[in-house]
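Report on the following structure.
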Amino acid sequence: MQMQVVTLFPEMVKTVVQFGVVGRAVERGILALHCEDPREHTTDNHRTVDDRPYGGGPGMVMKYEPVSAALKTARKAMPEGSPVVCLSPQGAVFDQATAKRYAELPGIILLAGRYEGIDERLLESEVDEELSLGDFVLSGGEIAAMAVIDAVVRLLPGVLGDEESAKQDSFMQGLLDHPHYTRPEDLDGQRVPEVLLSGDHARIAKWRYQQALGRTYMRRPDLIEKLELNDEQQLLLDLYLKESDIN
Ligand code: 9D3
């Protein structure tokens with residue numbers, strides 16, 4: 001897959017993609033990632049990329065022309081059918097379904113803004129989608145772009161090992177994870193749950209599933225609503241709630 005990030009801070013993006021799962025995908029040739037800096041597409045002596053907002057008010061706006069020129073260069077290097085996705089607080093909230101959709105594409109161009117935002121005419125004429133990470137304030141689109149890159153690259157064939165890939169389409173889909181424990185068995189009286197030491201794999205699987213259901217219900221009721229539990233799941237959840245004296 002090919003990715004391009006249009007950003008005033010290419011070093012920020014390039015540094016992060018050297019590490020971990022994404023770094024390995026680049027080394028293996030599964031991902032090619034390039035950055036295009038709008039500042040390299042300015043024509044004035046000051047290399048101006050921002051200007052004051054029409055109508056007044058605080059902050060600056062990213063100018064149309066340098067961003068447009070950077071996008072044009074990025075597009076030339078990309079396969080047909082690579083959308084331009086702008087990271088912005090006004091976007092739809094990024095989720096795993098969107099990550100899966102992007103992982104099917106030959107390429108994607110991510111546009112990360114700085115300042116108060118980008119001239120609206122650029123969004124209208126050159127951007128296919130706007131994405132947000134959620135309702136909190138970042139200083140720019142770069143960290144959001146890196147989050148999208150990470151989430152998408154994990155889904156590309158050959159990036160994760162077999163075991164981790166299998167986990168992705170397991171029966172725990174749509175639920176929070178169950179708790180994890182490793183040695184020692186006893187930390188000053190904080191013991192690992194007995195069931196995990198039992199060696200009874202069916203009992204362990206059922207316990208983990210129940211924990212996942214219970215924790216999701218307590219922490220993310222919105223996810224439980226989306227799932228619409230069947231009778232068996234509802235029973236397992238009721239038992240969890242009875243055993244942990246909440247509710
Ligand atoms: C404090 C500035 N805000 C005035 C109402 C507007 C604003 C402009 C630019 C807020 C944030 C930003 C920069 N943010 C992003 O580019 C961004 C972002 C985010 O801030 N939160 C969640 N997801 C994203 S994706 C891109």
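Ligands are counted one by one from 1 in listed order, and the atoms in each one are counted from 1 as well. Keep in mind that what you see is a predicted model, and the values were worked out from it rather than measured.
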Within the structure, does at least one protein heavy atom fall under 4.0 Å of atom 5 (C) of ligand 1? no

Side chain E116, main chain M60, donor-acceptor under 3.5 Å: no

Taking atom CZ of R203 as the centre, report whether more than 12 heavy atoms of other residues, nucleotides or ligands fall under 6.0 Å from it. yes

With a heavy-atom distance limit of 4.0 Å, tell me whether S88 approaches ligand 1 through its side chain, its backbone, both, or neither. backbone

Considering only protein heavy atoms, which is closest to atom 9 (C) of ligand 1, and at what distance to one decimal place? Y115 O, 3.5 Å

Would you kindly say whether H41 and E36 are connected by a side-chain donor-acceptor distance under 3.5 Å? yes

S68 side chain to Y64 backbone, donor-acceptor under 3.5 Å: no

Which residue and heavy atom of the protein sit nearest atom 14 (N) of ligand 1, plus the separation: L138 O, 3.5 Å

Cationic N near anionic O, under 4.0 Å, D222 to R220: yes

Under 4.0 Å, heavy atoms only, figure out whether ligand 1 is touched by the backbone of R114, its side chain, both or neither. neither

Please round to the nearest 0.5 Å and tell me the distance separating atom CD of Q211 and atom NE2 of H178. 9.5 Å

Looking only at N/O atoms, are G141 and ligand 1 under 3.5 Å apart anywhere? yes

Can you sort out which atoms of ligand 1 are near A144, meaning under 4.0 Å from one of its heavy atoms? 25 (S)

Looking only at non-hydrogen atoms, the one of L87, V93, L133 nearest atom 23 (N) of ligand 1 is L133

For atom 22 (C) of ligand 1, which candidate among G134, G113, P89 provides the closest heavy atom? G134

Looking at ligand 1, would G117 count as a contact under a 4.0 Å heavy-atom criterion? no

Could you check whether E80 pairs with R75 (Lys NZ or Arg NE/NH1/NH2 to Asp/Glu carboxylate O, under 4.0 Å)? no

Ligand-side contact atoms (ligand 1) for residue partner V137, heavy atom cut-off under 4.0 Å: 10 (C), 11 (C), 20 (O)

Could you tell me whether K72 and E65 make a salt bridge, using a distance below 4.0 angstrom between a side-chain N and a carboxylate O? no

I'd like to know if the side chain of S82 and the backbone of M78 have a donor-acceptor N/O pair within less than 3.5 Å. no

Any N or O of L131 that comes nearer than 3.5 Å to an N or O of ligand 1? no

Per-atom filter on ligand 1: closer than 4.0 angstrom to a heavy atom of S132 are 22 (C), 23 (N)

In terms of atom number and element, which parts of ligand 1 are under 4.0 angstrom from non-hydrogen atoms of F136? 19 (C), 20 (O), 21 (N), 22 (C)

If the contact criterion is a heavy-atom separation under 4.0 Å, does I143 count as touching ligand 1? no

What part of D135, side chain, backbone, both or neither, has a heavy atom within less than 4.0 angstrom of ligand 1? neither

To which protein heavy atom is atom 3 (N) of ligand 1 closest, and what is the distance rounded to 0.1 Å? E116 OE1, 3.8 Å

Measure the CZ-CD distance between R47 and E40 for me, rounded to the nearest 0.5 Å. 4.5 Å

Do D238 and Q234 get their side chains close enough for a donor-acceptor pair, meaning under 3.5 Å? yes

